[in-house]
K.L.:
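Below: one structure in structure tokens.
Atoms within a ligand are numbered from 1 in the order they appear, just like the ligands themselves. For reference, positions follow the sequence shown, starting with 1.
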Amino acid sequence: MAQYDVVIIGGGPAGYNAAIRAGQLGLRVAVVELSQTLGGTCLNVGCMPSKALLHASEMYDAAKTEFATLGIDVSPKLNLPQMMKQKAESVGALTKGIEFLFKKNKVDWVKGAGKLAGPGKVEVTAADGAVQTLEAANVVIATGSEPAGLPGVTVDQKRIVDSTGALSLSEVPKSLIVIGAGIIGLELGSVWRRLGAEVTVVEFLDRITPGMDAETAKAFQRSLTKQGMIFKLGSKVTGATADKKGVSLTVEPVAGGAAETLKADYVLLAIGRRPFTDNLGLDSVGITPDKRGFIDTDHWRTSAPGVWAIGDVTHGPMLAHKAEEEAVACIETIAGKAGHVSYGIIPSVVYTSPEVAWVGRTEEELKEQGVAYKSGKFPFSANSRAKINHETEGFVKVLADATTDEVLGVHMIGPQVGEMIGEYCVAMEFKAASEDVARTCHPHPTRSEALRQAAMGVEGWTMQA
Ligand code: FAD
Ligand code: NAI
């Protein structure tokens, strides 16, 4: 029986980062992965292919709608097979990269479905049915998540697709209905709208992107509406029928009232994801998931001795960088070091155009918690680099403690703000006051000056607006 210090079930961002860190720390480590490639949801059917299509479709859209302003006259023609091919090639290179890192860090990749088989044992069933058992002092569950279903709406990956199907459509839909105005719905809805689809988003709540600062979400919805996305808020889908030509959806107002039928070429179901623990043998070590299916942990330890859980399968935001943080902290704890995750400083980014990025608490959360705060806001319309680039939509908003001036939350919408939120993550990690950022020299002319100007705004001395 092969013996390890750590066996990790799942080779996504949680699993592969844990494995690499374990290898670096000299632990004997194996990753059990049932899929043919490493990288999990993120690399294969999540973060990376979606960003490949977001980038390509943004370029296409810019060529059609923005280049002429810059004095570049072009008539772009979509080559969807090539767009999909470059996506697949990039994804292939990334998953191969993890294989390389496994070799470099002496991580064994055991191919097959892993299952807990009592304390310290993981049974692996390979694709050909061969079974082997691995012995480990520590087992880390990193099995991730899968799309949540909706009764009455059967995903067939032909006409009714989930995010995986929506990343590989073979044609541009004339019409696409997205169920759920969350991050997946708006990112992938943006891709297909830019490529020519009429996109309607049906959302249960009376707002988009729950969890996002409300003022920012309103600005975001305005922007997407201006781009042509249609929103039906406060609406629930009660059924869907698909045939070869398209889909009919029954939609009812949440507040009550008459149902209506919406028709579209394709439907994307994107109403959230649920933890994946099917056939994992949790009962063999006495773990019972909570009622939503998540595995409860205390500093990544489950209720079973020697069994740990990280990433989407446990609580917290379902984000690759959260999974990565937990992976490192969990392995460092196993190795006797002090693992730590700053759960209050996990950034979020929506990679649409404009992008939305935030970290820390929203205004609504601060009000709910009775925290007195000051805010500073700076529009990109007053930022010289944004102006010169004709990208003036959006703003940066900084929320700071009214007494101590500590930065408590930052919310931005605008051009590539996802690349800028890291500055505030570092500031918050160091418990910076807004004045620390306000008095830090930023390069001119850059959009990052808006970060500083918003911080200056907390004390009311914004200089450029
Ligand atoms: P996963 O990546 O889901 O990996 C789990 C792995 O475990 C899988 O490879 C699975 O095959 C394997 N597995 C499961 N059960 C077993 C078993 N019994 N035996 C062996 N192997 C098993 N997050 C971001 O931070 N940024 C983004 O831009 C972003 N974009 C996204 C876009 C889309 C369309 C989607 C769907 C998700 C996106 N996410 C994004 C979320 C991100 O993909 C997840 O948060 C991340 O992948 C979670 O990592 P994980 O390792 O916990 O799980
Ligand atoms: P989500 O939780 O972001 O949004 C789901 C939306 O669907 C919500 O607005 C919810 O109110 C709505 N909804 C729920 N039930 C509904 C119903 N019956 N009818 C209509 N609307 C309904 O989930 P999503 O978009 O599926 O994404 C899943 C996860 O993947 C996210 O939580 C996120 O963590 C991750 N992700 C992250 C990305 C990023 O970081 N850029 C990109 C894509 C996904």
Side-chain angles (χ1 to χ4, degrees), residues 8-18 31-51 53-54 95 110-116 122-125 141-153 162-164 166-167 178-189 201-212 217 232-238 251 254 268-281 309-314 316-324 326-327 346-352 355-357 418:
I8 298 160
I9 310 179
Y16 75 70
N17 281 292
V31 168
V32 183
E33 171 56 58
L34 57 78
S35 170
Q36 293 308 305
T37 51
L38 294 168
T41 303
C42 180
L43 268 60
N44 292 284
V45 289
C47 326
M48 302 323 299
S50 61
K51 266 78 254 180
L53 293 184
L54 278 157
T95 58
V110 183
K111 296 180 185 176
K115 184 179 180 177
L116 289 150
V122 175
E123 191 181 281
V124 184
T125 308
I141 301 171
T143 49
S145 62
E146 62 177 353
L150 180 64
V153 181
D162 59 18
S163 53
T164 302
L167 287 166
V178 176
I179 309 177
I183 307 189
I184 290 182
L186 299 181
E187 285 189 353
L188 295 181
V201 183
V202 180
E203 164 62 43
F204 188 86
L205 301 175
D206 57 7
R207 58 161 290 171
I208 67 166
T209 48
M212 184 186 285
K232 283 187 82 66
L233 303 183
S235 302
K236 62 178 175 192
V237 173
T238 51
V251 180
V254 172
L268 161 60
L269 180 64
I271 57 163
R273 294 178 61 83
R274 61 176 207 93
F276 184 75
T277 55
D278 291 0
N279 305 317
L280 198 54
I310 54 175
D312 280 11
V313 78
T314 185
M318 287 180 159
L319 294 172
H321 43 280
K322 175 265 196 184
E324 178 180 348
E326 291 187 333
I346 292 174
S348 289
V349 177
V350 188
Y351 296 87
T352 43
E355 287 186 347
V356 186

K.L.:
List ligand 1's nitrogen or oxygen atoms that come under 3.5 Å of a protein nitrogen or oxygen, with the partner atom and distance.
P.N.:
| from | atom 1 | to | atom 2 | distance (Å) |
| --- | --- | --- | --- | --- |
| ligand 1 | 2 (O) | T41 | N | 2.9 |
| ligand 1 | 3 (O) | T41 | OG1 | 2.6 |
| ligand 1 | 9 (O) | E33 | OE1 | 2.6 |
| ligand 1 | 9 (O) | E33 | OE2 | 3.1 |
| ligand 1 | 11 (O) | E33 | OE2 | 2.7 |
| ligand 1 | 18 (N) | G114 | O | 3.0 |
| ligand 1 | 19 (N) | G114 | N | 2.8 |
| ligand 1 | 21 (N) | L34 | N | 3.2 |
| ligand 1 | 23 (N) | A320 | N | 3.4 |
| ligand 1 | 25 (O) | A320 | N | 2.8 |
| ligand 1 | 25 (O) | H321 | ND1 | 3.3 |
| ligand 1 | 28 (O) | K51 | NZ | 2.7 |
| ligand 1 | 30 (N) | C47 | N | 3.4 |
| ligand 1 | 30 (N) | K51 | NZ | 3.3 |
| ligand 1 | 45 (O) | D312 | OD1 | 2.9 |
| ligand 1 | 45 (O) | D312 | OD2 | 3.3 |
| ligand 1 | 45 (O) | M318 | O | 3.2 |
| ligand 1 | 45 (O) | L319 | N | 3.2 |
| ligand 1 | 45 (O) | A320 | N | 3.4 |
| ligand 1 | 47 (O) | C42 | N | 3.3 |
| ligand 1 | 51 (O) | P13 | N | 3.2 |
| ligand 1 | 51 (O) | A14 | N | 2.9 |
| ligand 1 | 52 (O) | D312 | N | 2.9 |

K.L.:
Show the nearest heavy-atom pair for residues S145 and D312, with the distance to one decimal.
P.N.:
OG-OD2, 2.7 Å
K.L.:
Starting from atom 25 (O) of ligand 2, what is the nearest protein heavy atom, named by residue and atom, and what distance separates them?
P.N.:
I184 N, 2.9 Å
K.L.:
Looking only at heavy atoms, which two atoms of L43 and P49 are closest? And how far apart?
P.N.:
O-CD, 3.4 Å
K.L.:
Which of the atoms in ligand 2, numbered in the order shown and given with their element, are less than 4.0 Å from a heavy-atom of L205?
P.N.:
11 (O)
K.L.:
Checking the N or O distance criterion of under 3.5 Å, is ligand 2 in contact with P210?
P.N.:
no
K.L.:
For I183, is at least one N or O under 3.5 Å away from an N or O on ligand 2?
P.N.:
yes
K.L.:
Suppose we measure from atom 26 (O) of ligand 2 to each protein heavy atom; which comes out shortest, and what is that distance?
P.N.:
G272 N, 2.8 Å
K.L.:
Tell me if a side-chain donor or acceptor on T143 pairs with a main-chain N or O of T277 at a distance below 3.5 Å.
P.N.:
no
K.L.:
Taking M212's backbone N and O only, do any of them form a donor-acceptor pair with R207's side chain (distance below 3.5 Å, no angle check)?
P.N.:
yes
K.L.:
Please name the pair of heavy atoms, one in V31 and one in G10, separated by the smallest distance, quoted to 0.1 Å.
P.N.:
CG1-O, 3.7 Å
K.L.:
Roughly how far, to the nearest 0.5 Å, is CG of D162 from CD of E146?
P.N.:
9.5 Å
K.L.:
Can you tell me the protein heavy atom closest to atom 37 (C) of ligand 2 and the distance?
P.N.:
L319 CD2, 3.8 Å
K.L.:
Can you sort out which atoms of ligand 2 are near L150, meaning under 4.0 Å from one of its heavy atoms?
P.N.:
18 (N)
K.L.:
So for atom CG, which belongs to D278, do other residues, nucleotides or ligands contribute more than 12 heavy atoms lying within a distance under 6.0 Å?
P.N.:
yes
K.L.:
Who's the nearest protein heavy-atom neighbour of atom 30 (O) of ligand 2, and how far?
P.N.:
R273 CD, 3.8 Å
K.L.:
With no hydrogens and no angle check, is any side-chain donor or acceptor of S50 less than 3.5 Å from a backbone partner on G46?
P.N.:
yes
K.L.:
Under the salt bridge (charged side-chain N to carboxylate O under 4.0 Å, His left out) test, which residues partner K232, sequence neighbours left out?
P.N.:
E260
K.L.:
Who's closest to atom 41 (N) of ligand 2 heavy-atom-wise, of L54, V349, L268?
P.N.:
V349
K.L.:
Around atom 21 (N) of ligand 2, find the nearest protein heavy atom and jot down its residue, atom name and distance.
P.N.:
F204 N, 3.2 Å
K.L.:
Among all protein heavy atoms, pick the one closest to atom 8 (C) of ligand 2 and tell me residue, atom and distance.
P.N.:
E203 OE1, 3.5 Å
K.L.:
Taking all non-hydrogen atoms of both residues, which atom of K115 and which atom of N279 are closest, and how far apart?
P.N.:
CG-O, 3.6 Å
K.L.:
I need the nearest protein heavy-atom contact for atom 34 (O) of ligand 2: residue, atom name and distance, please.
P.N.:
M318 O, 2.6 Å
K.L.:
Within ligand 2, which atoms have a heavy atom of Y351 less than 4.0 Å away?
P.N.:
41 (N)
K.L.:
Starting from atom 15 (N) of ligand 2, which protein heavy atom do you reach first, and at what distance in Å?
P.N.:
I271 CB, 3.6 Å
K.L.:
Which ligand 2 atoms are under 4.0 Å away from a heavy-atom of I179?
P.N.:
19 (N), 20 (C)
K.L.:
Any side-chain to backbone donor/acceptor pair from E324 onto P13? Under 3.5 Å, distance only.
P.N.:
no
K.L.:
Given P147, G182, P347, which has its nearest heavy atom closest to atom 1 (P) of ligand 2?
P.N.:
G182
K.L.:
Show me the donor-acceptor pairs within less than 3.5 Å that the side chains of residues 33-40 make with the rest of the protein, sequence neighbours left out.
P.N.:
| from | atom 1 | to | atom 2 | distance (Å) |
| --- | --- | --- | --- | --- |
| E33 | OE1 | G11 | N | 2.7 |
| E33 | OE2 | S35 | N | 2.8 |
| T37 | OG1 | N44 | OD1 | 2.7 |

K.L.:
What residue pairs, at least two apart or across chains, pass salt bridge (Lys or Arg N to Asp or Glu O under 4.0 Å) with a residue in residues 37-50?
P.N.:
none
K.L.:
Is a donor on one side and an acceptor on the other found under 3.5 Å between the side chain of E326 and the backbone of G311?
P.N.:
yes
K.L.:
Can you confirm, on distance only, whether ligand 2 has an N/O atom lying under 3.5 Å from any N/O atom belonging to E187?
P.N.:
yes
